Engineer: 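Quick one: structure below, then a few questions.
Quick caveat: nothing in here was measured; it's all calculated off a predicted structure.
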Amino acid sequence: MPSTDGRHRQRCRSGFPTRKAARAALEHALECERTGLDRDDDLTVAGYLAGWPRTKEDVLKPTTFARYRDHVHNDLIPAFGRLKLSDLRERHITAWNDAELARGRGRTSVYHAGATSPAP
């Protein structure tokens with residue numbers, strides 16, 4: 001599997017009680033690799049988002065990077081940070097969107113903050 005330094009490394013897991021459990025773990029690992037999400041089942045949205053802006057710093061204009069960083073730290077982490085990344089669902093984002101609009105925040109501001117989130 002690819003690593004952060006670009007080299008491929010073999011990932012081994014063992015000790016599964018059944019072949020079915022081993023197959024399920026393999027499918028989960030492959031899905032995580034396909035989507036680009038970390039394999040760690042305990043990873044929170046805050047943990048994921050804390051490092052995400054750094055991956056974009058070299059490809060974004062400085063002002064865009066600053067805006068993304070601000071949206072992550074001021075909007076997304078406070079709203080979703082305690083959730084496990086694997087538990088985050090569309091309903092959470094929809095509820096946040098509706099709450100922000102009900103609070104009187106402008107539709108464009110809410111859209112930009114929500115659009116900042118990384119799509120795996």
Engineer: What are the two closest heavy atoms between Val72 and Pro78, and how far apart are they?
Structural biologist: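 Reported closest heavy-atom pair: O-CD, 4.1 Å.
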
Engineer: Which atom names give the shortest non-hydrogen contact between Trp52 and Thr116, and what distance separates them?
Structural biologist: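 For Trp52 and Thr116, the tightest heavy-atom pair comes out as CH2-O, 3.0 Å.
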
Engineer: Which distance, rounded to the nearest 0.5 Å, do you find between the CD1 of Ile93 and the CG of Leu76?
Structural biologist: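 Reported value, rounded in 0.5 Å steps: 8.5 Å.
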
Engineer: Return the OH to NZ distance between Tyr68 and Lys56, rounded to the nearest 0.5 Å.
Structural biologist: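 It comes to 8.0 Å.
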
Engineer: Between Glu100 and Arg103 (salt bridge meaning N to carboxylate O under 4.0 Å), is one present in this structure?
Structural biologist: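 A salt bridge links Glu100 with Arg103.
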
Engineer: My understanding is that only residues two or more places apart in sequence, or in another chain, count here; which of them pass side chain to side chain contact (heavy atoms under 4.5 Å, CB included) with Ala50?
Structural biologist: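 Residues passing side chain to side chain contact (heavy atoms under 4.5 Å, CB included) with Ala50: none at all.
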
Engineer: Any side-chain to backbone donor/acceptor pair from His73 onto Asp70? Under 3.5 Å, distance only.
Structural biologist: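 The answer is no, because no donor-acceptor pair under 3.5 Å joins these two groups.
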
Engineer: For Asp75, which residues count as a side chain to side chain contact (heavy atoms under 4.5 Å, CB included) partner, sequence neighbours excluded?
Structural biologist: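 Applying side chain to side chain contact (heavy atoms under 4.5 Å, CB included) to Asp75 gives His71, Trp96, Arg105, Ala113.
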
Engineer: If two hydrophobic side chains count as joined below 4.5 Å and joins carry through other members, does Phe80 share a cluster with Leu101?
Structural biologist: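 Shared cluster, yes.
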
Engineer: Output the distance between atom CZ (Arg67) and atom NE2 (His112), rounded to the nearest 0.5 Å.
Structural biologist: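 It is 7.0 Å, given to the nearest 0.5 Å.
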
Engineer: Tell me whether Thr64 contacts the main-chain N or O of Leu60 through its side chain, where contact means a donor paired with an acceptor under 3.5 Å.
Structural biologist: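 Checking the backbone N and O of Leu60 against the side chain of Thr64, no donor-acceptor pair under 3.5 Å is found.
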
Engineer: Asp42 and Lys84: which non-hydrogen atoms are nearest, and at how many Å?
Structural biologist: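 Closest approach of Asp42 to Lys84, heavy atoms only: OD1-NZ, 3.4 Å.
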
Engineer: Nearest 0.5 angstrom please: Asp87 CG to Arg82 CZ, how far?
Structural biologist: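 If I round to the nearest 0.5 Å, the distance is 14.0 Å.
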
Engineer: I would like to know whether Arg107 and Val110 meet side chain to side chain contact (heavy atoms under 4.5 Å, CB included); could you show each step before the answer?
Structural biologist: CA-CA 5 Å; Arg107 186 170 298 281; Val110 173; 5.9 Å; no

Engineer: Can you establish whether the number of heavy atoms outside Glu27 located under 6.0 Å from its atom CD is more than 12?
Structural biologist: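 Atom CD in Glu27 is packed in, count exceeds 12.
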
Engineer: Is Arg91 reaching over with its side chain to a backbone N or O of Leu88, donor-acceptor style, under 3.5 angstrom?
Structural biologist: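 Checked: no pair found.
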
Engineer: Determine, using the 4.5 Å side-chain heavy-atom cutoff (strictly less than), whether Leu83 and Ile77 are members of one ILVMFWY cluster.
Structural biologist: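 Result: yes, single cluster for both.
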
